[in-house]
Amino acid sequence: MAQPKYRTHVGMVDILPGEVEKWQTIERIIHEEAQKFNFEEIRTPILEQTELIARGIGQLTDIVSKEMFAFERGDDQYVLRPECTAPVVRAFVEHHLEQRGGTQNLYYIGPMFRAEKPQKGRQRQFHQFGAEILGSDDPIADVECMAFMMSVYERVGITNTSLKINSVGDPESRDAYKKALADYFTPHKNELSQVSQNRLEKNPLRILDSKEEEDQTLVAEAPVIGDFLNKESADHYRKVKQYLDELGLAYDEDPHLVRGLDYYTRTAFELVSPDLGAQDALAGGGRYDLLVEEVGGQPTPAVGFAAGIERLILACDELGIKLSKPKSVDLYIVTIGDKARSWALQQLPIFRQEGFSATMDYAGRSIKSQMKDADRENARYTIIVGENELNEGTFTFRDMEASEETQLPVEEILDRLEKKLDPQE
Ligand code: AMP
C-alpha cells in the first residue's frame, strides 16, 4: 500500500470504528454514574489562556515548564488545555457558579494535551474524565469524589486496583515539612539527579515525585509529611480514612504520595492498576483549597480527580473485559432494480421510526454482493425486494441467523421485528 501523504501528529491517535464503541460505552457509564452521584456536566473550551494554566498548575511543574502546546495570536496567548481542573475553576469564578447555591458538583469528559514522550498509556492528546466539588471542605466531599471515581471502574469491571491516599497538609504543615525535606536532602545533594537538585532549591516536595532511578533510595528514607501535619489537617485526614472504612472502600496509605503543586492541600489520592505496566496510574486527585483564590475567585475549598480514559480502556483490554458488541444492523433491504431502490429508501424511515436500525445498498450492487454486504454488516434480517415483490405487495423476509425465508407484507414484517427484537433506544 502507498504511504499516506498525511498522518496524525506523533502521540495523537484516531479512534476508529470498532474502537470508538468502547469509548461510547465508557462515556455512557460515566454519565450514568455521575447522575447517580448528583454531579452535573460542564464543558469548557479546549483553548485557555496560557497564564491561567501556568498559575493554576504551577510554573515549576513538568506540564507547564515543558509540555504545553502553546501559541500566540495577536496579543493573546493560548494553550491547549493540559488538564481540566484549572479550566473548571476558571468557569466557576467567571460565571459566579457559587451563586447557584450549595456545593457545585461538576464533572467533565474530554481531550487534554501534553507534549510528553509518547509510549504505551501515554499520549500527547489523551482523554480524561474527572470531577470537582467546589464549596466544601468537609472530608465527606473528598470521599464522595473518590467513590464516584471508583464507581466507574467497578461498573466497567476493573476491580484489581489500589487506591493510594495521603495528606499533604495545609500550607503551615507543608512549610514545616518542606524545611525538613530540605534539611534531609541537602547533605546528599550530590547524590541526587540533576532534576532533583534543581527541585531542592525551588520545591523539595517535588523530589518525592521523581522517577529518576538514582533518587529512589534517598526518597524511600525521606521524612514523611504525616509527622508534620497540624491538628486540623490530621483531623481531616483521620476523617477521610474513617469514612472510607465505613464505606468499605479499600485504600493503601502512601506517605510519599504528593501532588507537587503548591495549591494542593490535605487529601491526595491516586488509583493504580497492576495490569498496566510502566504507566500504571489510572487516576489521581486531591483537595485544592487555595486554587480558586489563586485564579482570582473568593476563597473556596474544593476537591477533585482526573482519570485517564485511554488507560481505562487499556486495562479493560488487558483484562479481557469486552466494552462493546460487534457491530450489527437490525435490517438490510436488498434491492433489485431502480423501483425497488426508491421503495426501499421510503421504507427505511418507517423501520427507523419504530426504533430499528435499518440500511440498504448505496452502490447499485448485484444481489449477491448485497447479500454479502448484509452479512458483513451483521444484519439480523434482510428484506429482498424486486419488481415482482412490488407488484404483489409481499416481500422476502429473511432471518439471517436461522437462514429462513417467508413472504410477507411490510406490516407483518414490522410486526415480526417487534416480536423478535428490542428496538434500539
Ligand atoms: P494527572 O492530571 O497528571 O493527575 O493525570 C490523571 C490521569 O490522566 C493519569 O492517572 C492518567 O490516567 C491520565 N494521563 C495523564 N497524562 C496522560 C498522558 N500523557 N497520556 C494518557 N493518559 C494520561
Side-chain angles (χ1 to χ4, degrees), residues 37 58 61 85 89 103-105 130-151 153 161-184 203-210 219-272 281-294 299-307:
F37 279 81
T61 57
T85 299
V89 168
T103 61
Q104 304 305 307
N105 310 343
E132 319 291 347
I133 300 180
L134 293 128
S136 166
D137 67 358
D138 193 316
I140 285 195
D142 308 34
V143 171
E144 276 282 269
C145 253
M146 292 187 233
F148 170 27
M149 177 180 92
M150 298 302 292
S151 77
Y153 294 93
T161 54
S162 157
L163 176 63
K164 294 187 187 172
I165 62 166
N166 192 21
S167 173
V168 297
D170 53 16
E172 183 188 270
S173 322
R174 215 173 27 240
D175 280 348
Y177 181 50
K178 273 187 193 167
K179 191 171 171 314
L181 281 179
D183 289 347
Y184 166 78
N203 183 357
L205 259 184
R206 301 224 56 238
I207 299 178
L208 303 180
D209 266 346
S210 166
V219 166
E221 298 294 318
V224 294
I225 187 149
D227 296 335
F228 297 85
L229 295 182
N230 60 17
K231 182 169 180 317
E232 267 196 317
S233 289
D235 283 349
H236 187 95
Y237 188 42
R238 195 175 37 73
K239 276 253 165 84
V240 167
K241 289 187 284 183
Q242 177 195 324
Y243 292 143
L244 285 172
D245 288 336
E246 286 167 5
L247 268 185
L249 275 181
Y251 57 86
D252 299 310
E253 286 187 74
D254 178 348
H256 282 143
L257 175 68
V258 291
R259 315 278 294 165
L261 318 186
D262 282 344
Y263 65 72
Y264 272 111
T265 45
R266 305 194 262 197
T267 317
F269 55 93
E270 199 166 84
L271 187 69
V272 298
L282 285 167
R287 182 163 273 289
Y288 51 91
D289 293 338
L290 306 175
L291 179 60
V292 180
E293 203 180 355
E294 176 69 30
T300 307
V303 58
F305 75 85

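Side-chain contact between Leu247 and Val143 is present, with heavy atoms from C-beta onward closer than 4.5 Å. The shortest distance between side-chain heavy atoms of Ile165 and Leu257 does not fall below 4.5 Å. In this structure, Leu291 and Tyr264 have side chains that are not in contact, with every pair of non-hydrogen atoms separated by 4.5 Å or more. Two residues are said to be in side-chain contact when any heavy atoms from C-beta on lie closer than 4.5 Å; Leu163 and Met149 meet this criterion. His256 is not listed as a side-chain neighbour of Asn166, based on a closest heavy-atom distance of 4.5 Å or more. Residues Ile225 and Pro255 fail the side-chain proximity criterion, which asks for heavy atoms closer than 4.5 Å. Taking 4.5 Å as the limit, every side-chain heavy atom of Leu205 sits out of range of all side-chain heavy atoms of Val168.
Contacts of Thr300 classified as side chain to side chain donor-acceptor pair (under 3.5 Å), with partners at least two apart in sequence or in another chain: none. Glu246 is linked by a side-chain contact (heavy atoms from CB on, under 4.5 Å) to Gln242, Tyr243, counting only residues two or more places apart in sequence or in another chain. For Glu232, the salt bridge (charged side-chain N to carboxylate O under 4.0 Å, His left out) criterion is met by no residue, not counting sequence neighbours. Residues meeting the side-chain contact (heavy atoms from CB on, under 4.5 Å) test with Thr103, sequence neighbours left out: Asn105, Ile133, Ser136. Among residues two or more places apart in sequence or in another chain, the side-chain contact (heavy atoms from CB on, under 4.5 Å) test is passed with Ala302 by Leu134, Tyr288. Evaluation of the salt bridge (charged side-chain N to carboxylate O under 4.0 Å, His left out) rule for Asp183 yields Lys179 as partners, not counting sequence neighbours. In this structure, the ring-ring contact (aromatic ring centres under 6.0 Å, His included) partners of Phe37, at least two apart in sequence or on a different chain, are Phe148. Remark: Ala281 engages Glu270, Arg311 in a side-chain contact (heavy atoms from CB on, under 4.5 Å) (not counting sequence neighbours). Judged as a side chain to side chain donor-acceptor pair (under 3.5 Å), and not counting sequence neighbours, the contacts of Ser151 are Glu33. Evaluation of the salt bridge (charged side-chain N to carboxylate O under 4.0 Å, His left out) rule for Glu253 yields Lys241 as partners, not counting sequence neighbours. Partners of Tyr177 under the ring-ring contact (aromatic ring centres under 6.0 Å, His included) rule, at least two apart in sequence or in another chain, are Phe228.
The list of salt bridge (Lys or Arg N to Asp or Glu O under 4.0 Å) pairs with a residue in residues 130-143, not counting sequence neighbours, reads Asp142-Arg287.
Note: Ser173 OG to Leu229 CG = 5.5 Å, rounded to the nearest 0.5 Å. Rounded to the nearest 0.5 angstrom, Met146 CE and Leu244 CG are separated by 5.0 Å. Annotation: the span from Tyr251 atom OH to Met150 atom CE amounts to 13.5 Å, rounded to 0.5 Å.
Nearest heavy atom pair, residue Asp252 against residue Ser162, reads OD2-OG, 2.7 Å. Scanning both residues, Arg174 and Gly169, for their nearest heavy atoms gives NH1-O, 3.5 Å. Of all non-hydrogen atoms in Leu181 and Ala222, the two that sit nearest each other are CD2-CB, 4.1 Å. Taking all atoms of both residues into account, the shortest heavy-atom contact from Gly286 to Phe269 is N-CE2, 3.5 Å.
Arg266 places no side-chain N or O within 3.5 Å of a backbone atom of Pro139 that could act as its donor or acceptor partner. Listed for the Ser233 side chain is a donor-acceptor partner under 3.5 Å among the backbone atoms of Asp170.
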Exercise. Check step by step if side-chain contact (heavy atoms from CB on, under 4.5 Å) holds for Leu282 and Thr161.
Key: CA-CA 9 Å; Leu282 285 167; Thr161 54; 3.7 Å; yes
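Between Lys239 and Asp235 there is no salt bridge, since no side-chain N of the basic residue sits under 4.0 Å from a carboxylate O of the acidic one.
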